[in-house]
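Since the structure comes first, as structure tokens, the remarks are kept for the end.
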Amino acid sequence: MRQANSVKNCTMHAATRRVSSERGDTLLEVLMTVLVVGITSVALLVGFSTSISGSAAHRALATNDVAMRTVSQAVYALVEGPSGPNTYDPCTTQYGTPTPSSEFNAPTGYLVSVQVTAYWYSNGWQGSPPSGCPSSPPAKAVPQQVLVTLSTPNNRTLTTTIVVNQPLALVTTFAVSSLTPSAAAPGNSGLNITISGSGFAAGVTGSFPADSGITFSGTTGSTSPPSPSPSWTVVSPTSIVAQIDVASTAPVSPETLTLTNPDGTTATSTFTITLGPTITGVSPSQMLPGDSSQTFTITGANFDPTSGSSSTVAFSDPTVFKFVSTPEWTVNSSTTITATISVSSTATPGSYSVAVTNPSSQLTSAPYPVTINYPPPVISTVTGGGVGPPCLISSNSTVTCTVTGNYFDGSVTANVSQSSGNYNACTPVPTLSGVTPNSLTLTFTPSNYQPANCAISGTYDLTIFAAGGQGSFVQAFSSS
């Protein structure tokens with residue numbers, strides 16, 4: 001019985017100990033669980049906080065990056081645009097305002113400044129604009145390095161460098177398009193030349209090779225003096241007027257005219273020293289009004305027979321001399337030109353000229369004389385006192401007779417001779433006045449007769465002497 005109770009008691013104590021042990025273990029586990037949960041919560045809170053903070057920083061970085069890209073693109077677009085307040089300027093050191101501002105599409109709260117830090121010329125980046133940099137775009141583009149500085153709302157400073165260029169639409173080509181004239185003969189002094197082209201800066205200079213024999217008038221050098229001067233004036237970006245002297249010993253050859261802008265760029269053109277055309281004779285050298293289909297031959301030297309640029313012929317009065325063949329003239333060789341011409345029937349007799357020009361060199365010969373002679377004078381009518389012909393003249397009174405015709409000139413004279421009747425020693429001598437190419441006046445005064453106041457009788461002939469010869473009118477006068 002005692003043994004049984006002992007066994008029973010032992011069993012109960014063991015159960016009690018087991019229950020107590022299990023309760024202790026459970027409490028410890030709870031405590032450990034609470035501790036782990038607490039630590040985990042703290043870690044999660046710290047993680048969440050760090051994550052939130054990191055996300056804000058990344059957002060700020062991303063926002064600033066977008067702002068910088070936006071501003072840089074705006075700077076590039078505005079500077080390389082065709083117009084606007086911040087269009088490309090080859091001489092500038094900054095774009096926009098001198099202090100940071102909200103220009104160039106800067107987002108709200110951002111300020112931007114744009115500085116030019118380098119210029120590309122002379123085969124490298126330079127720290128300053130080209131020497132003599134113009135206020136307008138130069139003849140060629142000058143790339144620029146531009147530093148874009150962006151101040152953020154949270155007081156950070158961001159920078160980036162971009163390269164901008166002059167818009168092609170604004171690039172002025174530096175070139176010579178023409179020289180007028182483009183050639184000269186040796187010994188030609190004081191020759192004015194117009195240089196046409198584009199991109200001429202105010203300080204542009206010109207030069208010929210030192211051995212060309214060409215110097216600028218008033219100087220002894222082959223390089224132009226500064227503009228403006230009598231021999232070198234820059235009229236505009238497209239025009240220059242120069243005056244040169246070509247030495248008599250200058251070699252006959254093409255020479256290079258070089259223009260140099262202040263930025264060092266150059267443009268060239270060819271000026272030719274050549275022997276110009278020379279006329280030594282023409283045939284016929286004298287013609288009459290109304291001459292038609294005359295073969296006219298010009299002889300000389302240095303005529304240009306090249307097809308498409310052959311020498312041209314010009315008379316001093318194209319209304320008098322008419323070309324009647326096709327082609328109007330033919331350059332047969334460097335020494336002969338022929339043409340078929342007619343002379344106007346109303347041409348005024350006198351001295352004219354003809355010249356030959358070589359278009360390839362724009363050189364013209366000295367004018368060569370061509371004469372239109374008066375034909376022999378022609379007497380059409382002789383009238384006076386309301387009658388005629390003949391004109392009635394008197395031994396007792398003064399009579400005026402009018403003579404009409406053609407080809408009278410200032411050298412005309414008149415002669416009266418008896419043609420019928422009782423010949424006597426009395427000769428009526430007229431006074432000549434009012435001479436025109438087509439008429440003149442004869443006044444008969446008895447006191448001028450030879451001998452004075454002698455008696456006239458019968459009829460008298462009239463002979464007119466003029467530059468072209470003489471003309472006669474039989475029985476032009478009759479005694480009254």
Side-chain angles (χ1 to χ4, degrees), residues 121-123 130-132 134 137-142 171-278 302-306 308-311 334 357-365:
Y121 60 94
S122 298
N123 299 319
S131 175
K140 66 178 183 178
V142 177
V171 174
T172 302
T173 302
F174 181 32
V176 178
S177 58
S178 66
L179 302 178
T180 306
S182 62
N188 196 329
S189 298
L191 178 64
N192 290 316
I193 298 176
T194 299
I195 305 169
S196 301
S198 59
F200 301 159
V204 63
T205 59
S207 63
F208 290 96
D211 59 355
S212 65
I214 303 175
T215 57
F216 289 88
S217 299
T219 76
T220 58
S222 57
T223 298
S224 68
S227 174
S229 73
S231 60
W232 187 259
T233 301
V234 181
V235 179
S236 71
T238 61
S239 179
I240 298 171
V241 175
Q243 188 179 82
I244 63 170
D245 298 330
V246 182
S248 59
T249 56
V252 176
S253 64
E255 301 293 347
T256 300
L257 170 63
T258 301
L259 302 189
T260 304
N261 261 343
D263 63 0
T265 56
T266 60
T268 61
S269 187
T270 299
F271 185 84
T272 303
I273 301 176
T274 183
L275 298 176
T278 302
N302 306 317
F303 302 151
D304 186 355
T306 305
S309 63
S310 58
S311 300
S334 63
T357 299
N358 287 348
S360 58
S361 66
Q362 299 178 347
L363 293 180
T364 301
S365 69

Quiz item: Going through the distances and angles, do V241 and I193 end up as a side chain to side chain contact (heavy atoms under 4.5 Å, CB included)?
Solution: CA-CA 6 Å; V241 175; I193 298 176; over 6 Å; no

Quiz item: Which residue pairs pass the ring-ring contact (aromatic ring centres under 6.0 Å, His included) test when at least one of the two sits in residues 240-276, sequence neighbours left out?
Solution: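 Sorted pair list comes back empty.
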
Practice problem: Keeping to residues at least two apart or across chains, list the ring-ring contact (aromatic ring centres under 6.0 Å, His included) pairs with something in residues 178-199. | Solution: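 Qualifying pairs, neighbours excluded: none.
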
Heavy-atom distance under 4.5 Å between the side chains of [X] and [Y], does that happen here?
X	Y	answer
T278	S365	no
V204	T260	no
T270	S182	no
L275	V252	yes
I273	V246	yes

Are the side chain of [X] and the backbone of [Y] linked by a donor-acceptor contact shorter than 3.5 Å?
X	Y	result
D304	T306	yes
N261	F174	no
T272	T274	no
N302	G276	yes

Exercise. Decide whether N358 and S311 meet the rule of one side-chain donor and one side-chain acceptor closer than 3.5 Å.
Key: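 The criterion, which ignores hydrogens and geometry beyond distance, is satisfied for S311 and N358.
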
Quick test of your reading: applying side-chain hydrogen bond (donor to acceptor under 3.5 Å, both in side chains), list the pairs with at least one residue in [range], sequence neighbours left out, ordered by first then second residue.
range	answer
residues 246-255	S253-E255
residues 220-237	S236-T238
residues 188-209	N192-Q243

What is the minimum heavy-atom distance between [X] and [Y], and which atoms define it?
X	Y	value
L363	A184	CD2-CA, 3.6 Å
S212	P251	O-CD, 3.6 Å
S310	P305	CB-C, 4.3 Å

Quiz item: So I195 and T180, side chain to side chain contact (heavy atoms under 4.5 Å, CB included) or not? Walk me through it.
Solution: CA-CA 7 Å; I195 305 169; T180 306; over 6 Å; no

Quiz item: Is the F208 ring parallel, tilted or perpendicular to the F216 ring (thresholds 30°, 60°)?
Solution: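 Rings of F208 and F216: tilted, 30 to 60°.
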
Self-check item: Value rounded to 0.5 Å, distance of OG in S269 from CG in L179
Solution: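 Going from OG on S269 over to CG on L179, the span is 3.5 Å.
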
Quiz prompt | Qualifying residues under side chain to side chain contact (heavy atoms under 4.5 Å, CB included), relative to T215, sequence neighbours excluded | solution =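 Result, side chain to side chain contact (heavy atoms under 4.5 Å, CB included) vs T215: D245.
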
